[in-house]
Asks: 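First the structure, then my questions, so here it is.
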Amino acid sequence: PEGGLRATMADAYDRQAVLGRQLLRAFALALGLPRDELARHAAHELGTLRFLRYPPTADGIAAANATTLVGISAHTDFEAFTLMHQNAPGLQLRAVGSDAWEDAPVRDDAFVVIVGDVLERMTNGALR
């Protein structure tokens, strides 16, 4: 791409920051709050852009090979939310109240939006 990796990633960061503010407004409206109620608490850009790889696993592999499995253990994301672009399988999610892990959808034209701890606290648990 023109401008190299740095320019490409800066552009991706800026676009995701805009999307993040739009999502905060949409979440507020969905909760019956004024449009900018959540966004006003995120006045400063605090986003992080990371490259992560979640290697796919087959059923049973995690239990059988727990010492050799590579990945990130079960966790919640600290941020308000995570915009995850999946271009390969591997990320798994667990719905609130469920013990079952499900594969996150892989779509080149979409993001998976993962509500994090900060947004859960900002909404008193209405979003999790």
Side-chain angles (χ1 to χ4, degrees):
E2 188 172 324
L5 180 62
R6 183 183 196 118
T8 299
M9 298 315 297
D11 181 59
Y13 180 92
D14 291 343
R15 289 170 184 254
Q16 290 181 29
V18 170
L19 176 57
R21 285 189 294 278
Q22 291 172 337
L23 283 170
L24 284 174
R25 290 181 180 117
F27 291 146
L29 292 173
L31 294 170
L33 300 171
R35 178 177 174 254
D36 289 317
E37 183 62 25
L38 298 174
R40 72 182 181 92
H41 295 289
H44 303 290
E45 295 292 334
L46 298 174
T48 302
L49 191 60
R50 295 182 205 133
F51 291 103
L52 295 174
R53 180 175 185 271
Y54 292 90
T57 61
D59 290 345
I61 290 178
N65 298 318
T67 59
T68 60
L69 195 66
V70 175
I72 298 174
S73 63
H75 66 278
T76 58
D77 288 358
F78 174 76
E79 299 86 0
F81 53 85
T82 299
L83 299 174
M84 177 70 72
H85 180 253
Q86 283 258 109
N87 62 0
L91 175 66
Q92 293 186 317
L93 306 170
R94 189 174 68 199
V96 175
S98 173
D99 290 332
W101 289 93
E102 298 180 33
D103 292 331
V106 177
R107 294 189 50 188
D108 285 336
D109 63 344
F111 287 97
V112 175
V113 179
I114 304 168
V115 173
D117 299 339
V118 170
L119 190 55
E120 180 179 354
R121 288 182 181 98
M122 287 173 69
T123 63
N124 291 321
L127 297 176
R128 298 181 63 192

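Quick caveat: nothing in here was measured; it's all calculated off a predicted structure. The residues of the chain are indexed from 1 along the displayed sequence.
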Asks: List, by chain and then residue number, the residues other than Val106 in its hydrophobic cluster (Ile/Leu/Val/Met/Phe/Trp/Tyr, side-chain heavy atoms under 4.5 Å); write none if there are no others.
Replies: none

Asks: Rounded at 0.5 Å granularity, tell me how far CG in Asp103 sits from CD in Gln86.
Replies: 8.5 Å

Asks: Any pair with a residue in residues 89-99 that passes salt bridge (charged side-chain N to carboxylate O under 4.0 Å, His left out), sequence neighbours left out, goes on the list, sorted by first then second residue, please.
Replies: none

Asks: Once rounded to the nearest 0.5 Å, what's the spacing between atom CG of Leu127 and atom CZ of Arg121?
Replies: 14.0 Å

Asks: Regarding His85 and Asn87, is there a side-chain donor-to-acceptor distance under 3.5 Å anywhere?
Replies: no

Asks: Ion pair present between Arg50 and Glu79, side-chain N to carboxylate O less than 4.0 angstrom?
Replies: yes

Asks: Could you pull out the closest heavy-atom pair between Trp101 and Gln92, with the gap in Å?
Replies: CZ3-O, 3.7 Å

Asks: Can you see which heavy atom on Met84 is nearest to which on Ile114, and at what distance?
Replies: CB-CD1, 4.3 Å

Asks: Nearest 0.5 angstrom please: Leu119 CG to Asp77 CG, how far?
Replies: 11.5 Å

Asks: What pairs of donor and acceptor atoms, side-chain ones from residues 20-33 against any protein atom, are under 3.5 angstrom apart with sequence neighbours left out?
Replies:
| residue | atom | partner | partner atom | Å |
| --- | --- | --- | --- | --- |
| Arg21 | NH1 | Glu45 | OE2 | 2.4 |
| Arg25 | NE | Asp36 | OD1 | 2.7 |

Asks: Just verifying a value: how many Å separate Asp117 CG and His75 NE2, rounded to the nearest 0.5 Å?
Replies: 9.5 Å

Asks: Can you see which heavy atom on Val112 is nearest to which on Ala104, and at what distance?
Replies: CG2-CB, 4.4 Å

